[in-house]
Amino acid sequence: MSDSTFYVTTPIYYVNDAPHIGHGYTTTIGDVLTRWHRQRGERVWYLTGTDEHGQKVLRKAQANGVSPQEWVDRLVENEWKPLLRTIDAANDDYIRTTEARHEAGAKAFWSALHEAGAVYKGSFSGYYSVGSEEFVADEYVADGEGDDAGHKVSTLDGSRLEHMTEENYFFRLSDYAERLLELYREHPEFVQPASARNEVVSFVERGLRDLSISRSTFDWGIKVPWDDKHVMYVWVEALLNYLTAAGYGVDQERFEELWPASIHLVGKDIVRFHAVIWPAMLMAAGLPVPQQVFAHGWLLVGGQKMSKSKANGIHPTELVDTFGSDAYRYYFTRALTFGSDGSISWEDIAARYTAELANGFGNLASRVAAMIGKYFDGALPASGEQTAAEQKVVDTVAAAVAEADAAIDAVAPQDAMTAVWRIVDELNGYLTEQEPWKVAKDEAQRDRLATIMATAAEGLRVLAVVLNPVMPKACAALWESLGAEGPLGPLADQRLDDVARWGQLPAGTPVTKGPALFPRLELDAPQA
RNA sequence: GGGGCGGUAGCUCAGCCGGUCAGAGCAGAGGACUCAUAAUCCUUGGGUCGUGGGUUCGAGCCCCACCCGCCCUACCA
């Protein structure tokens with residue numbers, strides 16, 4: 001694990017949609033995971049990007065009277081890249097499927113498939129909607145009524161359908177059912193969580209059909225290398241981004257460093273593409289499969305799956321404008337079980353902001369900094385003799401850090417936060433019990449007071465480091481408040497495997513009380 | 001039709017291979033304290049663990065049936 005790069009991907013988002021919190025969710029979790037691994041000192045590569053080809057994009061561009069390239073450029077610059085800044089994502093790369101490196105890599109991959117004999121020319125037949133210019137899956141085909149009697153119609157838009165046959169290239173997906181099942185058996189971690197794995201296994205057990213992987217009725221896509229009348233079917237082309245961004249076909253050295261990916265984060269709606277089609281294609285091309293495909297669940301707003309059509313779609317900006325990117329990141333990390341569906345609400349975000357961030361973590365930082373300022377003129381005192389109370393803090397911190405670290409490995413960021421919060425609670429309780437404000441009144445107990453302050457400051461030091469992957473802005477402010485950069489170096493360089501070692505902040509470190517990390521918010525009714 | 005996941009205190013959720021598993025957080029109630037962002041700390045919850053059967057010495061946790069919700073059952077992405 002540690003000798004190769006921890007390579008994490010989000011799906012590349014289809015530019016036709018506007019970003020919503022579902023996209024932000026996936027990207028946030030990936031960002032938390034990768035920041036955490038970076039602070040372990042691992043080599044990390046975090047990739048996200050956009051999927052920009054396909055008929056829908058073409059049509060949308062035409063409807064807006066611009067070229068598809070202009071259209072996607074506009075969306076990427078105005079919508080998608082800003083999302084990353086909004087949620088404070090630290091991705092290492094951003095792949096666009098309209099980039100030359102993607103086109104070159106995708107073509108190289110197709111050639112490899114072709115040479116391996118995994119592709120053949122065949123015909124795809126099905127019901128075609130002339131109105132919407134696309135094939136309609138059988139489940140959406142119904143017998144027409146009234147004027148349409150005697151014809152098939154689409155249940156999607158009611159348009160009349162014709163049975164058509166189109167010549168396409170096919171991928172021999174059916175050859176891979178056994179090998180895929182073997183993969184799932186031998187590597188149960190390949191598809192996670194178990195619910196997603198079950199779906200995938202049962203799907204494959206029913207047998208696989210070959211997959212039509214090219215289109216010839218429109219041209220907004222990457223041309224098939226040996227037949228420029230065809231463009232690659234956008235789904236299989238999009239999957240290739242994980243390879244092409246890693247340098248496949250254009251930078252072999254980089255590719256070998258990065259591939260195979262450690263985790264593909266995906267929504268559960270697209271798990272099949274990632275856990276069935278994708279590994280089969282890689283097998284066909286003679287490449288290793290990714291180590292894990294992790295499917296997360298839906299965000300439910302008011303008990304319903306979030307969607308624009310139900311008017312409960314929320315733009316990440318709405319939340320970030322009110323609560324800030326740190327709180328946004330914290331909320332999605334803490335409040336949801338990654339891999340399961342989960343409910344979110346404005347009220348819940350507000351409640352957690354107040355209870356956990358402002359009153360819990362933020363206030364803790366304030367009271368400690370205030371007391372060190374008041375009792376020691378802002379110079380961190382040297383700890384005196386430690387009692388059982390201090391030892392309990394030290395032990396709690398060590399256990400919490402270890403537990404959080406294990407949770408991150410299990411792709412359970414919510415459990416990592418639960419563990420870390422035990423430190424917050426322990427520290428708040430420690431201060432209440434030790435009553436340093438009373439100890440301060442007795443000059444004879446100066447040493448005891450110093451010990452309490454030093455212990456609390458050390459606890460904050462650990463929190464700043466451990467929470468930095470989730471809340472980089474607040475933790476930077478805390479690091480500043482602790483005056484830690486001088487003696488210990490930049491926050492991002494603090495290693496998680498060393499963070500629990502006690503007594504790192506030297507005596508004399510200048511502690512200052514800055515603005516509240518999470519100021520209390522006067523919140524009105526939800527905006528949405 | 002076949003399959004998957006879920007249905008646990010007002011709310012959001014934990015509960016691994018069955019035996020302190022009936023829990024946490026929040027909300028509500030009472031108390032303590034004052035360093036702090038009117039913050040913190042302590043105490044306080046008696047919820048048929050969807051319904052009905054069954055297996056077992058013992059079942060939220062296993063089996064069967066049923067009810068409810070969401071999802072998958074391939075080429076929109």
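Numbered from 1 within each chain, the chains take letters A, B, ... in sequence-line order.
B:U40 and B:G25 have their P atoms separated by 13 Å, with the value rounded to a whole Å. Between B:C26 and B:A22, the distance separating the two P atoms is 23 Å to the nearest Å. Comparing B:A59 with B:C49, their C1' atoms sit 11 Å apart, to the nearest whole Å. Taking atom C1' in both B:C42 and B:U34, one finds a spacing of 15 Å when rounded to whole Å. Straight-line distance between the C1' atoms of B:C67 and B:U12: roughly 24 Å, to the nearest whole Å. B:C68 and B:U8 are spaced 16 Å apart, taking the C1' atom of each and rounding to whole Å. The gap from the C1' atom of B:G23 to that of B:C64 amounts to 29 Å, rounded to the nearest Å. The C1' atoms of B:G47 and B:A24 are separated by 14 Å, rounded to the nearest whole Å.
Partner assigned to B:U20 is none, using Watson-Crick or G-U wobble distances below 3.5 angstrom. In this structure, B:C62 forms a base pair with B:G54, meeting either the Watson-Crick or the G-U wobble geometry with both donor-acceptor distances under 3.5 Å. Base-pair partner of B:G25: B:C11 (Watson-Crick or G-U wobble, both distances under 3.5 Å). Using N1 to N3 plus N6-O4 or O6-N4 for Watson-Crick, or N1-O2 and O6-N3 for G-U wobble, each under 3.5 Å, B:C33 pairs with nothing.
One can place CZ of A:Arg422 at 11 Å from P of B:G25, the figure rounded to the nearest angstrom. A:Leu180 has its CG atom 17 Å from the P atom of B:A74, to the nearest Å. Straight-line distance from the OH atom of A:Tyr430 to the C1' atom of B:C41: 15 Å, rounded to whole Å. Between the CZ atom of A:Phe218 and the C1' atom of B:C76 there is a distance of 10 Å, rounded to whole Å. Rounded to whole Å, the distance from CD on A:Gln434 to P on B:U40 is 19 Å. Rounding to whole angstrom units, CG of residue A:Leu300 and C1' of B:G7 are separated by 13 Å. Residue A:Leu357 contributes atom CG, which lies 14 Å from atom C1' of B:C26 at whole-angstrom precision. Nucleotide B:A24 holds its C1' atom 12 Å from the CD atom of A:Glu356, rounded to whole Å.
Neither side chain, A:His230 nor A:Glu167, offers a donor N or O lying under 3.5 Å from an acceptor on the other. Side-chain atoms of A:His264 and A:Thr9 form a donor-acceptor pair, as typed in the model, at a separation below 3.5 Å. In the model, A:Glu237 has a side-chain atom that pairs as donor or acceptor with a side-chain atom of A:His53 under 3.5 Å.
In this structure, the nucleotide among B:A77, B:C71, B:G4 sitting nearest to the side chain of A:Asn198 is B:G4. You'll find that the side chain of A:Ala358 is closest to B:U37, out of B:C5, B:C75, B:U37. When each of B:A74, B:A77, B:U37 is scored by its nearest atom to the side-chain atoms of A:Asn359, the top-ranked nucleotide is B:U37. Residue A:Glu199 places its side chain closer to B:C71 than to any other of B:C71, B:A39, B:G25. Comparing atom distances between the A:Phe518 side chain and each of B:G4, B:A77, B:U37 picks out B:U37 as nearest. Out of B:C5, B:A77, B:C70, the shortest distance to the side chain of A:Asp341 is found at B:C70. Comparing B:U37, B:C75, B:G3 by their closest approach to the side chain of A:Ser202 singles out B:G3.
For the pair A:Arg352 and A:Tyr331, the cation-pi test (distance below 6.0 Å, angle within 45°) is failed. In this structure, A:Lys56 is not positioned above the aromatic face of A:Tyr14 in the sense of NZ or CZ being under 6.0 Å from the six-membered ring centre and within 45° of the axis. Cation-pi geometry between A:Arg272 and A:Phe203 is met: under 6.0 angstrom from the ring centre, within 45 degrees of the axis. Annotation: cation-pi geometry not satisfied between A:Arg329 and A:Phe323 (NZ/CZ under 6.0 angstrom from ring centroid, within 45° of ring axis).
Under 4.0 angstrom from either OP1 or OP2 of B:A14 there lies at least one side-chain N or O belonging to A:Thr337. Side-chain nitrogen and oxygen atoms of A:Ser345 include none within less than 4.0 Å of the OP1 or OP2 phosphate oxygen of B:U12.
Nearer the 5' end of RNA chain B, as judged by each residue's closest nucleotide, is the contact made by A:Lys268, out of A:Lys268 and A:Gly207. Between A:Ile213 and A:Ala365, the residue anchored closer to the 5' end of RNA chain B is A:Ala365, taking for each the nucleotide with the nearest heavy atom.
Below 30°, between 30° and 60°, or above 60°: for A:Phe294 and A:Phe338 the angle between ring planes is below 30°, a parallel geometry.
Residue A:Arg215 is classed as a base contact, given a heavy-atom separation below 4.0 Å to a base. If you check every strand for non-hydrogen atoms under 4.0 Å, A:Phe203 touches a base. Contact annotation for A:Arg352: no contact, since no heavy-atom pair falls under 4.0 Å across all strands. Across all strands, A:Leu173 comes closer than 4.0 Å to base atoms (heavy-atom distances). In this structure, A:Gly342 reaches the sugar-phosphate backbone alone: every heavy-atom distance under 4.0 Å involves primed, P, OP1 or OP2 atoms, never a base.
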Heavy-atom protein contacts under 4.0 Å, nucleotides 30-36 of chain B, coded B base, S sugar-phosphate only, - none: ---SSBB

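Aromatic ring centroids of A:His274 and A:Tyr242 lie under 6.0 Å apart.
For B:G60, the O4'-C1' to base torsion is within 90° of 0; the nucleotide is therefore syn.
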Stepwise salt bridge (charged side-chain N to carboxylate O under 4.0 Å, His left out) test for A:Arg461 and A:Glu458: CA-CA 5 Å; A:Arg461 189 209 101 232; A:Glu458 271 295 296; 2.3 Å; yes

